[in-house]
Protein chains: 2
Amino acid sequence: MRPLGVRVDDWLKDSEEVGPSWLTVDLAIFTLRDDQLMVLLIERGLDPFNGMPAMPGGYVQKDETLRDGALRELAEEAGIDGSQLHLEQFGTYADPGRDPRGRVVTVAYLALGPNLPTPVGGTDAARAFWAPAARLEDGALRLAFDHQTILTEALEEVRRKLEYTAVATAFCGETFTLRDLRTVYEVIWGQPLDPSNFRRKVLNTPGFVQPTGDQWLPPTGRPAALYRRGHAWLLNPPLLRAATSGQRG
Amino acid sequence: MRPLGVRVDDWLKDSEEVGPSWLTVDLAIFTLRDDQLMVLLIERGLDPFNGMPAMPGGYVQKDETLRDGALRELAEEAGIDGSQLHLEQFGTYADPGRDPRGRVVTVAYLALGPNLPTPVGGTDAARAFWAPAARLEDGALRLAFDHQTILTEALEEVRRKLEYTAVATAFCGETFTLRDLRTVYEVIWGQPLDPSNFRRKVLNTPGFVQPTGDQWLPPTGRPAALYRRGHAWLLNPPLLRAATSGQRG
DNA sequence: ACACTTATGGTCACAGCAACCATAACTGTA
DNA sequence: TACAGTTATGGTTGCTGTGACCATAAGTGT
């Protein structure tokens, strides 16, 4: 092992309480396929947890920002060009016991995109595949490290952000119909929405979507107007889920 | 320098692209004093940036969780017992150039509490003091590292969370009047709110606050009922700012 | 008794919403 | 061509929550 290439405080040098750590990014990549919310997993090709499913991710290189690292891993492990999709940091996990190799800090990123391609095998990962996001919560999936926790929290973050931000458009292509956008909400929230009311709310929210002027001809039915993302990120008013069951708080 | 005490992947060992990093937590500590939102700063006692104001924080120790590290720094540098206040991770900053000593990753925590005490000088910090949060945005303050960026983002996070969560109660004591709670919103949003309407919204939001049955006698005026925090965290419906000026999105 | 202050409660007009119905514009088939 | 089927779009109605504003309650000190 080579010595550390960093200078540290005098106090730090004398202390045995602080040690170096390894910095990684892990990606919670969600997309919509066949009207289902899917999450990208890889099968680990190395110990620890060899053979187990895990989040795509890897070490952040020297002189690389977290975001750049996330984009690189997105390309390497999932074959996805990240410049087209929504990438957002959402949490950092560093519990001492989370990785048997030592103190490994992972910064988790949310990556959302429209109908992403079937992933090619990456460089490190033995295999990459889409799994229904619902599997994360029914306990039918056992993941490496604390990735089960991370992905569950990522999923909840997506659901919540759908209400208050325009993040739903990240699941649509460059242009999309209101039907496409509504399907995003319906699939992720797991409940049908009234087309007419949805339309009114979206169009009355300034900056949510912009009409392109073009139309899309469905296989059957009336043509639908096409839209693209607006400039707004925070939705005001928010597009709230009906407070049907459960607690409201 | 002692060798690393961690095992790493074969791939990692061979690579010069990945190096160790140092893990710190930095704290954005906000409180209300004299009807002003204040942020806690320390004056650095060490290079780099010796003598400059900075966020309280420090290295995370081995076998310590991020949260425990944040709580320890809260006690060491600010003399604050963190068990009573709201502590929440909100972002991680790791740009290669952010610290001249090398790759230092900092996980930023939001710490919110009611009228916190004037800080005693900490162990590392030369001096700790409260500064008006408004100073963060008027450019009158120059902070060490990227702390200016971090604190500005923290402030925006607080403002936003006020709308959608019950975080405002974190700025109040164990029990509080609706006037106290309203003052939190008024100070942080910088706009007056109608007492009557505020009352109705808060009481109609299930789980936001619970009446204690006790009263508080102000120096003048009618006694006010006392409340404590409710069980709800997400507010439904949210307590939205009036969409007066500016963009709504 | 009175003014002063603050908490609490109510009214009213209006905006946004859910539920529902109606129409438009395309497809394919008899 | 006529028609059913399908989907997008548009409108109506009753209800709920909101902002602006007014009224009352319950303390203080003079």
Side-chain angles (χ1 to χ4, degrees), chain A residues 35 162-164 172 175-186 189 191-227 232 234-245 248-249, chain B residues 35 162-164 172 175-186 189 191-227 232 234-245 248-249:
Chain A
D35 285 356
L162 226 49
E163 296 191 320
Y164 301 125
C172 301
T175 65
F176 49 88
T177 66
L178 292 182
R179 164 59 180 245
D180 296 330
L181 189 63
R182 179 162 55 91
T183 300
V184 174
Y185 281 89
E186 290 179 336
W189 283 350
Q191 59 186 218
L193 300 175
D194 182 275
S196 178
N197 293 337
F198 181 81
R199 172 190 184 76
R200 174 166 41 81
K201 283 175 85 164
V202 169
L203 296 183
N204 281 345
T205 302
F208 196 169
V209 297
Q210 293 177 321
T212 66
D214 295 333
Q215 285 192 332
W216 182 77
L217 279 83
T220 173
R222 176 174 172 174
L226 282 171
Y227 297 84
L234 288 178
L235 298 185
N236 194 349
L239 219 158
L240 296 176
R241 252 180 295 193
T244 49
S245 66
R248 297 156 56 89
Chain B
D35 285 357
L162 227 47
E163 297 191 320
Y164 301 123
C172 300
T175 65
F176 49 87
T177 66
L178 291 182
R179 165 57 180 247
D180 296 330
L181 189 63
R182 180 163 55 92
T183 300
V184 173
Y185 280 89
E186 290 179 335
W189 283 348
Q191 59 187 215
L193 300 175
D194 182 273
S196 178
N197 293 336
F198 180 81
R199 171 191 184 75
R200 185 183 46 196
K201 284 175 85 162
V202 169
L203 296 184
N204 281 344
T205 301
F208 195 169
V209 297
Q210 294 177 322
T212 67
D214 294 333
Q215 285 193 331
W216 181 78
L217 278 85
T220 172
R222 177 173 171 175
L226 283 170
Y227 297 83
L234 289 178
L235 298 185
N236 194 349
L239 219 159
L240 296 175
R241 253 180 296 193
T244 49
S245 67
R248 295 154 58 89

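Inter-residue side-chain proximity for Leu239(B) and Leu162(B) is flagged as unmet; no heavy-atom pair is nearer than 4.5 Å. Leu178(A) places none of its side-chain heavy atoms less than 4.5 Å from the side chain of Arg182(A). Looking at heavy atoms from C-beta onward, Leu240(A) lies in side-chain contact with Pro238(B) at the 4.5 angstrom threshold.
In this structure, the nucleotide among dA8(D), dT8(C), dG11(D) sitting nearest to the side chain of Arg182(A) is dA8(D). The side chain of Leu217(A) lies closest to dC26(C), out of dT8(C), dC26(C), dC20(C). Taking every side-chain heavy atom of Arg199(A) into account, dG10(D) is the closest of dG10(D), dA19(C), dT8(C). Nearest to the side-chain atoms of Ser196(A) among the listed nucleotides dG11(D), dT18(D), dG10(C) stands dG11(D). Nearest nucleotide to the side chain of Arg200(B), out of dT18(D), dT8(C), dA25(C): dT18(D). Here the nucleotide nearest the side chain of Thr220(B), chosen from dT9(D), dT8(C), dT5(C), is dT5(C).
Separating the OG1 atom in Thr177(A) from the OH atom in Tyr227(A) is a distance of 9.5 Å, to the nearest 0.5 Å. For the atom pair CG of Asn236(A) and CD of Glu163(B), the computed distance is 7.0 Å after rounding to the nearest 0.5 Å.
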Could you list the donor-acceptor pairs under 3.5 angstrom formed between side-chain atoms of residues 212-220 of chain A and any protein atom two or more places apart in sequence or on another chain?
{"from": "Thr212(A)", "atom 1": "OG1", "to": "Asp214(A)", "atom 2": "N", "distance (Å)": "3.1"}
{"from": "Thr212(A)", "atom 1": "OG1", "to": "Leu226(A)", "atom 2": "O", "distance (Å)": "3.1"}

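Comparing Pro223(B) and Pro238(B) by the nucleotide of DNA chain D that holds the closest heavy atom to each, the one mapping nearer the 5' end is Pro238(B). Place Leu226(B) and Gly221(B) on DNA chain C by their nearest nucleotides, and Gly221(B) ends up nearer the 5' end. When the nearest nucleotides of DNA chain C are assigned to Arg222(A) and Lys201(A) by heavy-atom distance, the more 5′-ward of the two goes with Lys201(A).
If you measure from atom CD of Glu186(B) to atom C1' of dT6(C), you get 13 Å, rounded to the nearest angstrom. Between the CG atom of Leu240(A) and the P atom of dG16(C) there is a distance of 14 Å, given to the nearest Å. The distance from atom CG of Asp180(A) to atom P of dA8(D) is 9 Å, rounded to the nearest whole Å. One interatomic measurement links the two molecules: CG of Leu193(A) to P of dC20(C), which rounds to 15 Å at whole-angstrom precision. Atom pair Phe198(B):CZ and dT6(C):P shows a separation of 17 Å (rounding to whole Å applied). In this structure, the CG atom of Asn197(A) is 12 Å from the C1' atom of dC21(C), given to the nearest Å. Nucleotide dA25(C) holds its C1' atom 9 Å from the CD atom of Gln215(A), rounded to whole Å. With rounding to whole Å, Asp194(A) atom CG is found 16 Å from dT12(D) atom P.
The closest side-chain donor-acceptor pair between Asp180(A) and Thr183(A), if any, does not fall under 3.5 angstrom.
The overall bend of the helix from dA1(C)-dT30(D) to dA30(C)-dT1(D), read as the angle between its terminal helix axes built from five base pairs each, is 10° when rounded to 10 degrees.
Residue-level contact check: Thr177(A) touches neither bases nor backbone, having no heavy atom under 4.0 Å from any strand.
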Q.
Before you tell me yes or no, could you show the steps for Phe208(A) and Leu181(A) under side chain to side chain contact (heavy atoms under 4.5 Å, CB included), namely the whole-Å CA-CA distance, both residues' side-chain angles and the distance that decides it to 0.1 Å?
A. CA-CA 11 Å; Phe208(A) 196 169; Leu181(A) 189 63; 4.1 Å; yes

